[in-house]
Amino acid sequence: MDVSYLNTAIEAARTAAGVALERFHKPLVVSQKGFRDIVTEADLAAQTAAVGVIRSRFPHAAILGEEGLTPPARAEQLWVIDPIDGTTNYARGLPFFCVSIGVVQGAQPAAGAIYDPSRDHLFTAARGQGAWLNGMPIHVSDVRVLSDAILALDWSHLPADRQRSLALLNRLATECRSVRAIGSAALALSYLATGWIDLFFNLALRPWDGAAAQVIVEEAGGRITNPRGEVWDYTQPSALASNGPLHFAFDAFE
């Protein structure tokens with residue numbers, strides 16, 4: 001992939017994150033989009049900032065954004081924006097949120113940038129070129145024993161999906177070393193790519209949660225499947241991710 005796409009994703013993520021960080025810990029207008037699903041004025045402002053950067057470089061870019069941006073049908077190339085992943089954390093003052101910008105070509109994530117402004121962590125990857133944290137190469141962990149593994153998960157908004165998550169958690173929590181719920185799928189998957197955690201699942205993802213993270217995890221040597229064990233498509237809601245050797249932990253989960 002042309003390096004200009006990844007560089008633009010990085011610039012867009014940093015610019016949007018600056019908008020979000022400037023508003024962090026300040027009074028916010030918080031609205032309900034749906035059941036247990038909120039949006040703040042900062043989400044909208046951050047998305048506008050990210051779109052501005054992308055369109056300044058690629059005026060005719062097709063963009064899918066969490067806050068109401070829908071691309072033309074059958075776009076060959078797609079920019080996928082999550083302006084604040086971890087909005088609940090953000091709105092409550094918890095500093096675990098990020099901006100995620102993915103570039104999809106031919107329905108496959110090809111490049112991505114995920115930026116956590118609270119820690120100045122920039123996770124990046126381009127297909128076939130490796131994954132990076134602040135310019136240093138990253139790789140998933142080499143943990144092979146479940147009792148040494150750190151498991152992370154995120155919660156769905158819907159009760160039925162939470163029941164499925166609890167069933168899987170109940171099976172794994174007694175076997176692994178510890179469990180984390182980070183509140184941002186993009187950050188959790190980035191942490192998997194760096195080897196800070198070893199397993200992650202989320203059964204209610206949206207495309208903007210995983211478009212950038214998928215390429216980062218895979219370029220770092222990780223594995224993501226759906227519950228049937230098939231290669232995960234970033235548009236699918238259920239993702240089971242691991243460092244590879246530990247993926248057996250998800251066997252027989254449907």
Side-chain angles (χ1 to χ4, degrees), residues 1-31 38-71 75 77-91 93-105 109-126 129 131-136 138 183-187 189-190 193 206-216 234:
M1 161 168 280
D2 188 323
V3 70
S4 65
Y5 290 98
L6 180 57
N7 287 342
T8 299
I10 291 169
E11 184 181 351
R14 286 189 177 277
T15 300
V19 170
L21 193 61
E22 192 277 330
R23 290 164 168 77
F24 191 46
H25 288 312
K26 293 182 178 180
L28 291 169
V29 175
V30 181
S31 304
I38 63 172
V39 61
T40 74
E41 60 192 285
D43 292 84
L44 300 171
Q47 180 166 286
T48 297
V51 169
V53 171
I54 295 167
R55 287 263 163 81
S56 72
R57 306 291 186 274
F58 302 96
H60 304 294
I63 300 176
L64 172 63
E66 179 176 9
E67 308 309 335
L69 276 180
T70 304
Q77 183 180 83
L78 187 64
W79 295 80
V80 186
I81 301 174
D82 194 333
I84 300 179
D85 188 46
T87 298
T88 295
N89 286 347
Y90 180 87
L94 291 169
F96 289 91
F97 62 90
C98 64
V99 178
S100 175
I101 311 287
V103 185
V104 176
Q105 287 190 330
I114 294 171
Y115 184 56
D116 171 1
S118 300
R119 293 162 190 79
D120 192 26
H121 284 167
L122 176 66
F123 304 90
T124 60
Q129 299 177 35
W132 310 80
L133 168 57
N134 291 349
M136 300 296 292
I138 55 176
S184 162
L187 279 183
L189 286 165
S190 297
R206 303 299 300 274
W208 41 80
D209 295 317
Q214 181 177 2
V215 66
I216 292 170
Y234 79 100

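FYI, the numbering just counts along the sequence from 1. Just the heavy atoms: all of them, side chains too, but no hydrogens, waters or symmetry mates, feed the values below.
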The salt bridge (charged side-chain N to carboxylate O under 4.0 Å, His left out) partners of R119 (sequence neighbours excluded) come to D116

If the plane angle is over 60° it's perpendicular, under 30° parallel, otherwise tilted; pick one for F97 and Y90. perpendicular

Below 4.5 Å, heavy atoms only, C-beta onward: do L189 and I216 meet side chain to side chain? no

Is there a donor-acceptor contact under 3.5 Å from the side chain of D85 to the main chain of A186? yes

So, taking the atom named CH2 in W132 and the one named OG1 in T124, what distance separates them when rounded to the nearest 0.5 Å? 8.0 Å

If you measure from SG on C98 to CD1 on I114, what distance do you get to the nearest 0.5 Å? 6.0 Å

Within the 4.5 Å heavy-atom criterion, are T48 and L44 side-chain neighbours or not? no

Which atom of A46 lies closest to which atom of V19, heavy atoms considered: N-CG1, 3.8 Å

All heavy atoms of L6 vs all of A111, minimum pair found to be CD1-CB, 4.3 Å

Nearest heavy-atom approach of P83 to V99 is O-CG2, 3.1 Å

How many angstroms lie between OG1 in T87 and CD in E66, if you round to the nearest 0.5 Å? 6.0 Å

State the CG-NE2 distance between N134 and H121, to the nearest 0.5 angstrom. 6.0 Å

Do the side chains of I54 and I81 get nearer than 4.5 Å, heavy atoms only? yes

Which heavy atom in W208 sits nearest to a heavy atom in V80, and how many Å separate them? CA-CG1, 3.5 Å

If the condition is ring pair (Phe, Tyr, Trp, His ring centres under 6.0 Å), which residues does F96 pass it with, not counting sequence neighbours? none

Testing the basics here: between A211 and V104, what is the closest heavy-atom pair and its distance to 0.1 Å? CB-CG2, 4.3 Å

The ring pair (Phe, Tyr, Trp, His ring centres under 6.0 Å) partners of Y115 (sequence neighbours excluded) come to none

Roughly how far apart are Y5 OH and Q77 CD, rounded to 0.5 Å? 4.5 Å

Under the side chain to side chain donor-acceptor pair (under 3.5 Å) criterion, do T40 and D43 qualify, and how do the steps go? CA-CA 5 Å; T40 74; D43 292 84; 2.6 Å; yes

L133 side, atom CG; L122 side, atom CG - distance, nearest 0.5 Å: 7.5 Å

Compare all side-chain heavy atoms of D209 with those of Q214 and state whether any distance is below 4.5 angstrom. no

Residues G112 and A212: closest non-hydrogen pair is CA-CB, 3.8 Å

